[in-house]
Amino acid sequence: MLSLLVFAVLCASCLAKPALVHYSYSLAVGGGSGTSFSSEGEGRITAVRVWEINNAYITGIQLRYEFFWSKKIGRAVGNAQELNLFDGEVIVQISGKYHSNYIYQVIFVTSRGRSLTVGQPVQNSFNFYPTHMDAELKLLSGRYNSNGITSLGAHWGVVYMDQGNSTDASTQ
């Protein structure tokens, strides 16, 4: 009887959907001075906010996971530029420009071909994307100081959801 119970538990665990498979990491770019960060939240990313100093560099980034905004990374200067994702839409690429001191531009590209471009197209280029075709952006990591984002990396994986994204969310 005990062996039948063990067999049933093993079969059930094999049928359960994993929370994250096909993980990959896009190595961070930038000088990397300041405080380290890692965005955090539950579920899919459903929106992105980015702040920049006009004609200069990226000062802050914020991600919305399902209905809740994560903590601001860096600082909020001026008006934020925002991209709200549609149901089932995910971030599949991040590109931009960086130098030894700051991230100067970020471009978030979605699975529907839409994009958010913030910042100045100067300095060195970077291009982040997942290793696996079914993966999406899970979180951002890097470093920031009192002026802005100094380093940026991207973490990719598969998110299994029972329901789609929702763009009706409260802001914090």
Side-chain angles (χ1 to χ4, degrees), residues 20-66 68-85 89-159 165 169 171-172:
L20 175 69
V21 295
H22 293 156
Y23 175 83
S24 63
Y25 171 64
S26 298
L27 292 175
V29 297
S33 65
T35 305
S36 63
F37 72 83
S38 178
S39 65
E40 59 183 281
E42 295 286 328
R44 275 200 161 131
I45 295 171
T46 57
V48 178
R49 284 183 184 149
V50 181
W51 290 267
E52 72 160 318
I53 291 181
N54 287 339
N55 298 315
Y57 50 85
I58 304 300
T59 63
I61 298 175
Q62 188 176 30
L63 302 175
R64 186 176 70 204
Y65 289 88
E66 295 301 329
F68 302 101
W69 286 99
S70 65
K71 285 179 47 180
K72 289 180 185 92
I73 299 163
R75 64 187 188 126
V77 175
N79 294 324
Q81 294 189 45
E82 189 171 309
L83 174 65
N84 289 293
L85 303 180
E89 186 177 27
V90 297
I91 296 170
V92 296
Q93 180 181 359
I94 304 171
S95 301
K97 300 284 188 171
Y98 72 98
H99 192 52
S100 60
N101 52 354
Y102 292 105
I103 303 299
Y104 281 82
Q105 181 185 54
V106 290
I107 304 166
F108 290 90
V109 179
T110 75
S111 56
R112 290 191 177 185
R114 298 188 315 132
S115 64
L116 171 67
T117 302
V118 182
Q120 302 304 307
V122 297
Q123 303 298 337
N124 304 306
S125 297
F126 68 90
N127 188 23
F128 298 158
Y129 52 89
T131 304
H132 306 282
M133 288 182 53
D134 55 348
E136 63 192 76
L137 181 66
K138 292 281 296 167
L139 64 95
L140 296 173
S141 63
R143 297 181 91 65
Y144 68 94
N145 62 23
S146 60
N147 294 318
I149 307 297
T150 61
S151 176
L152 186 65
H155 302 251
W156 309 93
V158 175
V159 178
N165 292 351
T171 58
Q172 297 178 351

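Fair warning: this is a prediction, and the values are worked out from it, not measured in the lab.
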Hey, are [Y] and [X] close enough side-chain-wise for a donor-acceptor pair under 3.5 Å?
| X | Y | answer |
| --- | --- | --- |
| Ser95 | Gln93 | yes |
| Thr131 | Trp156 | no |
| His132 | Ser24 | no |
| Thr59 | Arg75 | no |

Only pairs under 3.5 Å count here: list side-chain donor-acceptor contacts from residues 108-122, not counting sequence neighbours, and write none if there are none.
from, atom 1, to, atom 2, distance (Å)
Thr110, OG1, Glu89, OE2, 2.6
Thr110, OG1, Arg112, N, 3.2
Thr110, OG1, Arg114, N, 3.2
Thr110, OG1, Arg114, O, 3.4
Ser111, OG, Val90, N, 3.1
Arg114, NE, Glu89, OE1, 3.4
Arg114, NE, Glu89, OE2, 2.9
Arg114, NH2, Asn84, O, 2.7
Arg114, NH2, Glu89, OE1, 2.8

Measure across [X] and [Y] and return the closest heavy-atom pair with its distance rounded to 0.1 Å.
| X | Y | result |
| --- | --- | --- |
| Ala47 | Trp69 | CB-CH2, 3.6 Å |
| Ser141 | Tyr25 | OG-CE1, 4.0 Å |
| Thr150 | Asn145 | CG2-ND2, 3.5 Å |
| Ile94 | Ile91 | CG1-CG2, 4.3 Å |
| Ser36 | Tyr144 | O-CE2, 4.3 Å |
| Lys72 | Trp51 | CE-CH2, 3.7 Å |

Distance in Å, [X] [atom1] paired with [Y] [atom2], rounded so as to fall on 0.5 Å steps:
| X | Y | atom1 | atom2 | answer |
| --- | --- | --- | --- | --- |
| Ser39 | Ile73 | OG | CD1 | 5.0 Å |
| Tyr102 | Ile149 | OH | CD1 | 10.0 Å |
| Asn55 | Ile53 | CG | CD1 | 10.5 Å |
| Gln123 | Ile103 | CD | CD1 | 11.0 Å |
| Arg64 | Arg49 | CZ | CZ | 8.0 Å |
| Leu140 | Leu63 | CG | CG | 5.0 Å |

Test side-chain contact (heavy atoms from CB on, under 4.5 Å) applied to Val29 and Phe128, step by step: CA-CA 10 Å; Val29 297; Phe128 298 158; 4.0 Å; yes
Taking the side chain as every heavy atom from C-beta outward, state whether Glu52 and Val77 have any pair of such atoms under 4.5 Å apart.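 Not touching, per the 4.5 Å side-chain cut-off.
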Indicate the ring-plane relationship of Tyr104 and Tyr57, choosing parallel, tilted or perpendicular according to the 30° and 60° boundaries.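 Perpendicular: the ring planes of Tyr104 and Tyr57 meet at over 60°.
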Checking Tyr129 now: which residues fulfil side-chain hydrogen bond (donor to acceptor under 3.5 Å, both in side chains) with it, not counting sequence neighbours?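 Not a single residue meets the side-chain hydrogen bond (donor to acceptor under 3.5 Å, both in side chains) criterion with Tyr129.
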Do side-chain atoms of Gln62 reach the backbone of Ser70 as a donor and acceptor pair under 3.5 angstrom?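 Here the side-chain-to-backbone pair exists.
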Is there a donor-acceptor pair under 3.5 Å between the side chain of Glu136 and the backbone N or O of Val92?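 Side chain of Glu136 to backbone of Val92, a donor-acceptor pair under 3.5 Å: no, none is there.
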Stepwise side-chain contact (heavy atoms from CB on, under 4.5 Å) check, Glu66 with Arg44: CA-CA 6 Å; Glu66 295 301 329; Arg44 275 200 161 131; 3.5 Å; yes
